[in-house]
Amino acid sequence: MTTTEPITHHPAPITPNLPERYDPATIEGKWRERWERDDLYHVDDDAPGEKWYSLTMYPYPSGVLHIGHWFAFVAPDIFARLQRMRGYNVLFPMGFDAFGLPAENAAIRNNIHPAISTFGNIEIMHQQYRLMGAMIDWSREVITCTPEYYRWNQWLFLQMLKKGLAYRANGAVWWCPKDQTVLANEQVLEGNICERCGTEVYKRDLEQWYFRITDYAEELLHDAEKLDWPERVMTMQRNWIGRSEGARLRFTLETGDVLEVFTTRPDTVWGATFMVLAPEHPLVEKITTDTQRAEVAAYIEQARKQSEIERMSTDAARQRTGVFTGAYAVNPVTDERIPLWIADYVLMGYGTGAIMAVPFGDQRDFEFARAFDLPIRVVVQPDDLPNFDPETMTEAYTGPGRLVNSGTMTGKPMPEALPEVIAWLTEAGRGEAEVNFRLRDWLISRQRYWGTPIPVVYCPDCGLVPVPEDQLPVVLPLDAEFTPTGQSPLVTHEAFLHTTCPQCGGAARRETDTMDTFVDSSWYWFRYTSPHDENAPFDAEVARRWTPVDLYCGGIEHAILHLLYARFFTKVIRDLGLIDHGEPFLRLRNQGMILAEEGTKMSKSRGSQVGPDELVAAHGADALRLHLMYLGPWEQGGPWNSRGITGMERFIRRAFSLVTETGAGPFDQSLPDAAVAPLHRLRAKTIERVTTDLDEFQFNTMVAALIEYVNELMRLRETEVIHTPAWREAIGTLVLLMAPSTPYVAEELWERLGMPYSVHQQIWPTYDAALTRANEVEVVVQINGKVRDRLLLPVDLPEEDARARVLAQPKIAEATAGREPRKVIYVPGRLVNIVV
RNA sequence: GCGGACGUGGCGGAAAGGCAGACGCCGCGGUCUUAAAAACCGCUGAUGGGCAACCAUCGUGCGGGUUCGAAUCCCGCCGUCCGCACCA
């Protein structure tokens, strides 16, 4: 059990004649209280300074914060504090993603109503964020399971319904038998596994609500290029959207039906010797001949089961299976009669669910043709290769070459002449150019309780009727039976279910499905800008000032789902006229994952989860913040280790005694410039290092720079510079540089220096760039690339002089042994390399 | 199978063509103490040599290359992790 009590502060024991010891519990308790009393982190829309919107992915309130939450949050907190000290008006809000399966499943497990457990968890998590010293303005908190928030989910849904962006459709959808609900494509993991509970899911035919995200496919793909996002996230989004250029071609069947296919290689249509339909294709039933019917039915049955049994291995997938339907189509360019097969390697969910099979140019079609002895026709021949022979080919050819056996197009070079071929096919009425996407529309209905009710009503007379906007919110009743049964729990809540039709006033039924939780998180950052607005999801004028988000931090696990949906919503909200931009997050940074000490994933069940509260009690929040940042590169993550934290405690103690023991002065000594120059230079270089490291999100080296600064100051402490004004400046700088990372002790030290409250409202230190360059520098002398000597040389010494100085060194003279250097390489301020 | 990232002391890591191992942890030695803790100081990649300050050689997964000079760039392997995986 973790403690959630605020750390109480005892008066520090005063030991006479001994320097005062650093006592985190006292310091942190004192300042936490003071900051809250003063509302130090209150964000004012109209405060001076350029705006900076730093957003961190809000957590699920399904438990308490573990060390991973701290790791994820401390870095953006440090950065937000830096931006504030740089003079930006910084918005750094926090809230809770409170609807959805994690909270609901936990509630069912513990037999507590999700509303109770959710708000209970939120209360605990509030205390934990306070402990961390996070720079959060809690007056802007957003909790998505409150009617004040989700009524705007409903409002946005109604706007999308009006624009045709929300629609109901029947189709094969993923069903999770454990969670008893449908899932979006994005929530189904490899091996047909439910993203939430790990159960194997399968397809069911159901009528569901969708958002037409595919309308924005092209824009989602292209706008991404302007963003400062990690390359791998961009790649994942690009792959998920899956844009392919090609053509839609029409084949006429002997039954008279027209079968459309999508292909990226319309130039190979002369080589289409058969066609394949997905087993679920709606035409299969109609075209299958009586003699083939039994065999086709058996295959479809087997294919349907396949998603329920263990996923096929790669090898097994290569075993091409399929069945002839008995039907034939006509190849539109050769007029040949070609057979129609069904096979599971053709997916209903991509393209048209049917393909023209060109065994010459597609490896899967090739394997299928070999397996079932179907004809292969050569249609491309490169000039510099021997002629292909269908009898002896071992794999499909996908490279460049000239079209052969291709009617009037024979001789055209590929892929250069592809547009010409498509133009010719279009002219001939065989099809037209098409861009196809892998992206499917977003299925948003869920047959679960803990979510936003979908605001529509079904009237026996008027049909589907949207709930009028002035009747929002449609409130989720708290007294419903929420254990999953496979139909939406709200069906059993009579008072909710039965209503009157907003149009005719007659008896009607409410929609009982709720919305996917990802709807909540698709626009929540807008709500932070005016969280209490009662007339709109957000005040458009205020939102225009704060958004888009300048920096978004969170886990890589949201690379597709949340980030794609959020981008889609932003474009929809733009098209509703509320904002002007179409991309929500200009800069994205992903933290790595903190693993358990053994290097495995932290898990509650194995007890390898590390709780931050005990660590704070033992070492202080400042030390824990530093330690997390010092573990390694933030964007990489790594195993937790509990030992290193003592090093951070030592560092803070050293800084503490350095400041308290030398910060009071007197600073009346004036020394020659040369005596204080090293101190000035040290200060300037440290500011430079800390600032650039923070800008590059290299928190581990930023901490190292702070430690080195203190180590150097400890050395200089023994010299007379400690009584110069420069020392006072250097000590003040130390406290300012520590402020973002160790907010508590920095505030304490700032006060002890007699400086005005608060250190967090000070200006980030600047430095004279000229000072970061020394006049004299130790230059390495190499002979044939090996270091043999080093000597102090002026930074800008001309090559001739450097060469003379170096060659005059006794060690070098000895090493070259009188041999005349063949070549001398001189890098001013760095090294001299003598090649003999 | 395809694509990407990574591989450095006992450990976490630093070094983005120029002194490999910054900084921290661990460990060892010392100061202070009756003692311990804390604190402070010093040492701490390997091998060999020297009483010693030090010197030499090797060393960034393996093999090659480019360069005066490579952890860093290029090519080929090996390994780890991640993403995608019948996308027509």
Side-chain angles (χ1 to χ4, degrees), chain A residues 18-19 21 190-191 230-233 235-236 238-244 246 249 261-266 268 272 275-276 278 311-312 314-318 320 343-347 349-358 361-365 367-368 436-439 556 559-560 592-593 599 626-627 630-633 635-651 653-654 657 689 698 700-711 714 778-790 821-827 829-836:
Chain A
L18 277 177
R21 290 284 309 281
E190 183 182 340
E231 189 49 46
R232 58 180 175 153
V233 176
T235 307
M236 283 162 76
R238 215 177 297 129
N239 291 343
W240 188 264
I241 296 166
R243 182 181 193 273
S244 310
L249 299 182
V261 299
F262 172 76
T263 174
T264 54
R265 293 292 307 276
T268 62
M275 299 185 83
V276 188
R311 187 188 159 75
M312 301 170 292
T314 309
D315 289 342
R318 290 272 161 190
R320 297 285 166 216
D344 61 5
Y345 81 90
V346 174
L347 309 172
Y350 186 78
T352 63
I355 61 160
M356 67 173 199
V358 183
D362 182 283
Q363 186 60 23
R364 295 152 302 177
D365 297 346
E367 287 163 11
F368 196 82
N436 192 57
F437 291 93
R438 201 188 90 117
L439 184 70
I556 187 78
I560 295 173
M593 204 196 307
L626 274 187
H627 178 56
Y630 198 58
L631 278 175
E635 291 174 84
Q636 184 182 302
W640 165 255
N641 117 45
S642 53
R643 287 185 322 240
I645 195 166
T646 58
M648 296 304 109
E649 275 187 289
R650 278 177 204 152
F651 160 71
R653 268 199 293 266
R654 280 157 67 84
S657 45
R689 281 179 69 186
Q698 285 164 2
N700 55 333
T701 51
M702 182 274 295
V703 177
L706 289 177
I707 295 171
E708 282 178 65
Y709 187 45
V710 166
N711 290 349
M714 287 298 257
E778 193 179 65
V779 167
V780 168
V781 185
Q782 298 180 327
I783 293 174
N784 293 335
K786 297 210 170 180
V787 181
R788 294 298 150 165
D789 202 3
R790 43 203 80 176
R822 213 155 44 108
K823 196 172 178 184
V824 177
I825 287 112
Y826 175 52
V827 184
R830 274 267 163 86
L831 90 165
V832 179
N833 189 14
I834 300 162
V835 187
V836 294

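Letters A, B, ... mirror the listed sequences (proteins, then strands); counts begin at 1. The model shown is predicted, which means the values in this text are computed figures rather than measured ones.
- Annotated as anti: B:rG42, whose glycosidic dihedral deviates from 0 by more than 90°.
- Taking atom P in both B:rG65 and B:rG17, the straight-line distance is 23 Å, to the nearest Å.
- In this structure, the CD1 atom of A:I783 is 11 Å from the P atom of B:rU57, given to the nearest Å.
- At whole-Å resolution of the value, CD1 in A:I560 and C1' in B:rA85 are 13 Å apart.
- Between the C1' atom of B:rC82 and the CD atom of A:E231 lies a distance of 15 Å, rounded to the nearest Å.
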Per-nucleotide protein contact string for nucleotides 24-32 of chain B, where B marks a base within reach and S marks sugar-phosphate only (heavy atoms under 4.0 Å, - for neither): SSS------
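- Among B:rA56, B:rA22, B:rC86, the nucleotide with an atom closest to any side-chain atom of A:R788 is B:rA56.
- Spacing of C1' atoms, B:rA38 relative to B:rU44, comes out at 23 Å, to the nearest Å.
- Looking at heavy atoms from C-beta onward, A:Q698 lies in side-chain contact with A:N700 at the 4.5 angstrom threshold.
- The closest side-chain heavy-atom distance from A:F651 to A:V703 is not below 4.5 Å.
- B:rG7 and B:rA15 have their P atoms separated by 12 Å, with the value rounded to a whole Å.
- For the P atoms, the distance from B:rA16 to B:rA88 is 41 Å, rounded to whole Å.
- Per the geometry, CZ belonging to A:R238 stands 20 Å off P belonging to B:rC2, to the nearest Å.
- Among the nucleotides B:rA88, B:rG13, B:rA22, the one closest to the side chain of A:P633 is B:rG13.
- Distance alone, capped at 3.5 Å, is enough to place a donor-acceptor pair between the A:H627 side chain and the A:N641 backbone.
- Regarding A:L626, its CG atom lies at a distance of 15 Å from the C1' atom of B:rG12, rounded to whole Å.
- Going from atom CG of A:L831 over to atom OH of A:Y826 covers 10.0 Å, rounded to the nearest 0.5 Å.
- When side chains are defined from C-beta on, A:R265 does not count as touching A:V358, because their heavy atoms never get closer than 4.5 Å.
- The phosphate of B:rA88 has neither OP1 nor OP2 within less than 4.0 Å of any side-chain N or O from A:Q363.
- Rounded to whole Å, the separation between the P atoms of B:rC58 and B:rG69 comes to 15 Å.
- A:M236 places its CE atom 15 Å from the P atom of B:rA5, with the value rounded to the nearest Å.
- When the C1' atom of B:rC81 is taken as reference, atom CD of A:Q636 falls 11 Å away, rounded to whole Å.
- Of all heavy-atom pairs between A:A559 and A:M236, the closest is CB-CE, 3.6 Å.
- Looking at heavy-atom distances under 4.0 Å, A:V346 makes contact with a base.
- Residues forming a ring-ring contact (aromatic ring centres under 6.0 Å, His included) with A:F368 (at least two apart in sequence, or on another chain): A:F274, A:W341, A:Y345, A:F372.
- Here the P atom of nucleotide B:rC87 and the OH atom of A:Y345 are 10 Å apart, to the nearest Å.
- For B:rC84, neither phosphate oxygen OP1 nor OP2 lies less than 4.0 angstrom from any side-chain nitrogen or oxygen of A:T235.
- Applying the 4.0 Å criterion to OP1 and OP2 of B:rA14, one finds that A:N700 has a side-chain N or O inside that range.
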Please walk me through it: do A:R438 and A:N239 pass side-chain hydrogen bond (donor to acceptor under 3.5 Å, both in side chains)? CA-CA 8 Å; A:R438 201 188 90 117; A:N239 291 343; over 6 Å; no
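- Nucleic acid contact for A:P639: none, since no nucleic acid atom lies under 4.0 Å from a heavy atom of the residue.
- A gap of 9 Å separates the P atoms of B:rU60 and B:rU72, to the nearest Å.
- On the C1' atoms, B:rG4 is 30 Å away from B:rG59, given to the nearest whole Å.
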Which nucleotides of RNA chain B pair, in dot-bracket form (Watson-Crick or G-U under 3.5 Å, | meaning another strand): (((((((..(((.....[....))).(((((.......))))).(((((....)))))..(((((..]....))))))))))))....
Mind listing the N/O atom pairs, protein and nucleotides 16-20 of chain B, below 3.5 Å?
residue: B:rG18; atom: N2; partner: A:Q782; partner atom: OE1; Å: 3.4
residue: B:rG18; atom: N2; partner: A:N833; partner atom: ND2; Å: 3.4
residue: B:rC19; atom: O2; partner: A:R790; partner atom: NH1; Å: 2.7
residue: B:rC19; atom: O2; partner: A:R790; partner atom: NH2; Å: 3.4

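- Rounding to the nearest 0.5 Å gives a distance of 11.0 Å between CG of A:N711 and CG of A:L706.
- Scanning all heavy atoms of the two residues, the minimum distance from A:V781 to A:I834 falls at CG1-CD1, 4.2 Å.
- Scanning for side-chain hydrogen bond (donor to acceptor under 3.5 Å, both in side chains) contacts around A:R653 gives an empty result, with sequence neighbours left out.
- One P atom belongs to B:rC43, the other to B:rG50, and the distance between them is 23 Å to the nearest Å.
- Nearest-nucleotide assignment on RNA chain B puts the 5′-proximal partner with A:T701, out of A:R438 and A:T701.
- Within the 4.5 Å cutoff, the side chain of A:D365 has heavy atoms near those of the A:I355 side chain.
- Pairing each heavy atom of A:F262 with each of A:T352, the nearest pair is N-OG1, 4.0 Å.
- Remark: A:T701 engages A:D693 in a side-chain hydrogen bond (donor to acceptor under 3.5 Å, both in side chains) (not counting sequence neighbours).
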